[in-house]
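Below is one structure, written out as structure tokens; comments come after it.
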Protein chains: 2
Amino acid sequence: MSVKSAARVLDVIEAFAAERRPLTMSELARILAIPGASCLELIRTLAGRGYLYEVERRGGFYPTGRLQAQAAVIGAHDPIVARASDALHALRDRTGETVVLARLRGHEVLYLDVVESRQSVRYIAEIGATRPVQANSLGKALLAALDPAARDVLLAEVEFRPFTARTLDRAALERDLEASEERGCYCNLGESVPDLGAIARPLRLGDRYAVSVAGPLARIEAALDAHAEALREACAAIEGRDS
Amino acid sequence: MSVKSAARVLDVIEAFAAERRPLTMSELARILAIPGASCLELIRTLAGRGYLYEVERRGGFYPTGRLQAQAAVIGAHDPIVARASDALHALRDRTGETVVLARLRGHEVLYLDVVESRQSVRYIAEIGATRPVQANSLGKALLAALDPAARDVLLAEVEFRPFTARTLDRAALERDLEASEERGCYCNLGESVPDLGAIARPLRLGDRYAVSVAGPLARIEAALDAHAEALREACAAIEGRDS
DNA sequence: AAGCGAGCTTCACATACCCGAAAAATCCGG
DNA sequence: CCGGATTTTTCGGGTATGTGAAGCTCGCTT
């Protein structure tokens, strides 16, 4: 179980990011579905620390720039994302598709950074979102980088339910991993969402990370080899900088 | 009293912004001066929501870009700061000094936005920080914009202790406010910090806000009239956009 | 390989917090 | 200027949560 008030702080942040306007105490309480009294305490805490301000008397609260200032400092010093950022942007520009950096968390894939495609039809994902390992190109790349014992333990906990007609079961997944190993690139062609295609590659950077290129299935399939090559070079660039 | 775990989430954010590197559970617990067990719960909550990730196995946690992504959206839609931003930057460039946007919170001044000077010796303040009204140019401007009754109530709660040799007592403050009213500009010349000078002006924007130009005392005093004029024009520009 | 030290995790109890209800303040239409 | 509706705030009890101690895991050193 998680810490209730800690989670609520995140809820508040997300509520403001979603609403994009000042919220009164009761509006916020309604949005978060919590009692007004609890919401008041929460707002007071955040306002007292300089993270919220009252826009006008009774005109609702809005976050000050303090959160953004802190987040900017934090973002600039991320040990992994900051290092990979240039190469990920270059990869996005070269492929024209959305690029994702991720790692394993438990038996899920955690998205650490998303560099969005500029095309009008594009893959969109939220930083911090998670995906199931078994139906995700990044998941496959991350699984491939694990030693077999750890992979077995992990896959034992996974529930292989079909997301689309193309979703693999455990046996098919292991065959796919083996087949992809030689190529060094791991695909997900419509296995999680019907029209979504992606290719990924593991990254050796301290611990195990992975990078993917994702977009509409047809576009990804058509340019698979070119993207794979671009991905390979991008990963080499990221890994190379440190060694 | 504030909500403990909510405040701790802010502590965590500030700790990472200050340390600028991954922190293990026990390091964070030490920095925040809280029990390890409590810190673990907190980290799990934040990590579970995708706001923290483990950089390497046992290698410490670091915030993902999720916080930054949310903060960026929030910052772009601030009803006050977003509107004033251009004019504040222009004012900074014109005066060469740090510019601050603030409002009243209780009997303190709350800094909403800070646009830093680019000079090597400059005034620095943190967004979200607070200052006493009675020894602050923004505080004076905000007091001046209040009706006399409200001002009396507010000043009754203020403790007039001297920060420097130049700090005013209540009588001197009221004389200063009156004298400044005509000019429309409110000064703080070494009243809070010996070498700090600032001039401020109230802003009529929904509720009462104020803008200041601050820097080393000598520089501010030397360019007082020029800065006052620049400040006047900047405020007019901000107020004008909406009406 | 084994011991050691640091860090992580679990557990049960005591406390501070969350909640519902009621009061106070504020707003709005008349 | 008044009365009803809405929002904000206060308050005290029940309970989820924070805490300290103990056990466990991991990595490092010898």
Side-chain angles (χ1 to χ4, degrees), chain A residues 1-12 15-16 19 21-49 51-62 104-107 146-147 149-150 153-154 157 206-208, chain B residues 1-13 15-16 19 21-49 52-62 104-107 146-147 149-150 153-154 157 206-208:
Chain A
M1 186 56 189
S2 58
V3 181
K4 194 184 281 188
S5 339
R8 283 181 178 173
V9 171
L10 306 180
D11 291 336
V12 169
F16 279 111
E19 297 289 331
R21 66 189 172 87
L23 298 171
T24 64
M25 193 277 283
S26 46
E27 278 182 308
L28 191 58
R30 238 174 283 130
I31 291 169
L32 304 189
I34 62 174
S38 310
C39 189
L40 179 66
E41 288 282 300
L42 198 56
I43 284 181
R44 279 188 177 157
T45 301
L46 296 177
R49 293 282 296 263
Y51 284 85
L52 290 182
Y53 72 102
E54 198 166 16
V55 176
E56 313 181 25
R57 177 157 180 67
R58 296 217 148 206
F61 289 82
Y62 200 82
L104 215 51
R105 188 190 67 191
H107 50 81
L146 286 179
D147 57 283
V153 171
L154 201 155
E157 292 169 14
D207 209 353
R208 294 289 157 68
Chain B
M1 187 56 190
S2 59
V3 181
K4 194 184 280 187
S5 338
R8 283 181 179 174
V9 172
L10 307 180
D11 290 337
V12 169
I13 292 170
F16 279 111
E19 297 289 331
R21 65 190 173 85
L23 298 171
T24 64
M25 193 275 282
S26 45
E27 277 181 308
L28 192 58
R30 236 174 286 129
I31 291 169
L32 305 188
I34 61 174
S38 310
C39 189
L40 179 66
E41 288 285 299
L42 198 55
I43 283 181
R44 279 189 178 156
T45 302
L46 297 177
R49 293 282 296 262
L52 290 182
Y53 72 101
E54 198 167 15
V55 177
E56 313 181 26
R57 176 156 183 67
R58 300 217 150 204
F61 289 83
Y62 200 81
L104 216 50
R105 190 191 65 190
H107 50 83
L146 286 179
D147 58 284
V153 171
L154 200 154
E157 292 170 14
D207 209 353
R208 295 289 156 68

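Order of the sequence lines fixes the chain letters, A, B, ..., with proteins taken first and strands second; residue numbering starts at 1 for each chain. The structure presented is a predicted model; accordingly, all values stated were derived computationally and were not measured.
The minimum heavy-atom distance linking A29(B) with G36(B) is given by the pair CB-CA, 4.1 Å. Scanning all heavy atoms of the two residues, the minimum distance from A15(A) to L32(A) falls at CB-CD2, 4.1 Å. The minimum heavy-atom distance between R8(A) and L42(A), with the atom names listed, is CB-CD2, 3.7 Å. Contact between P22(B) and G60(B) at its shortest, heavy atoms only, is CB-C, 4.3 Å.
At least one side-chain heavy atom of D11(A) sits less than 4.5 Å from a side-chain heavy atom of R49(B). Here the side chains of F61(A) and I43(A) are in contact, with some heavy-atom distance below 4.5 Å. For the pair L104(A) and L146(A), the minimum side-chain heavy-atom distance is below 4.5 Å. Between T24(A) and R58(A), every side-chain heavy-atom pair lies at or beyond the 4.5 Å cut-off.
Near DNA chain C, meaning a heavy atom under 4.0 Å away, there are no residues from residues 21-33 of chain A.
With rounding to whole Å, F61(B) atom CZ is found 12 Å from dG7(C) atom C1'. Atom P of nucleotide dT9(D) and atom CD of E41(A) are separated by 11 Å, given to the nearest angstrom. Regarding K4(B), its NZ atom lies at a distance of 13 Å from the C1' atom of dA16(D), rounded to whole Å. The nearest whole Å value for the distance from the CG atom in L40(B) to the C1' atom in dA6(C) is 15 Å. Here the P atom of nucleotide dG18(D) and the CD1 atom of I43(B) are 13 Å apart, to the nearest Å. With rounding to whole Å, I34(B) atom CD1 is found 11 Å from dG20(D) atom P. Across the protein-nucleic acid pair, R44(A) atom CZ and dC18(C) atom P stand 13 Å apart, rounded to whole Å.
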> Going through the distances and angles, do E27(A) and R21(A) end up as a salt bridge (charged side-chain N to carboxylate O under 4.0 Å, His left out)?
Replying inline: CA-CA 11 Å; E27(A) 278 182 308; R21(A) 66 189 172 87; 3.2 Å; yes
Would you tabulate the pairs of protein nitrogen or oxygen atoms and nucleotide nitrogen or oxygen atoms of nucleotides 2-5 of chain C closer than 3.5 angstrom?
none

>> I need a per-nucleotide contact map over nucleotides 20-30 of chain C, read 5' to 3'. Cutoff is protein heavy atoms under 4.0 Å; write B for the base, S for backbone only, - otherwise.
In response: B-----SS---
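For the OP1/OP2 pair of dC18(C) and a distance below 4.0 Å, the side-chain nitrogens and oxygens of S5(A) include at least one atom meeting the criterion.
A distance of 9.0 Å separates SG of C39(B) from CD1 of I31(B), quoted to the nearest 0.5 Å.
Aromatic rings of Y62(B) and F16(B) (six-membered ring for Trp) have centroids within the 6.0 Å cut-off, being under it.
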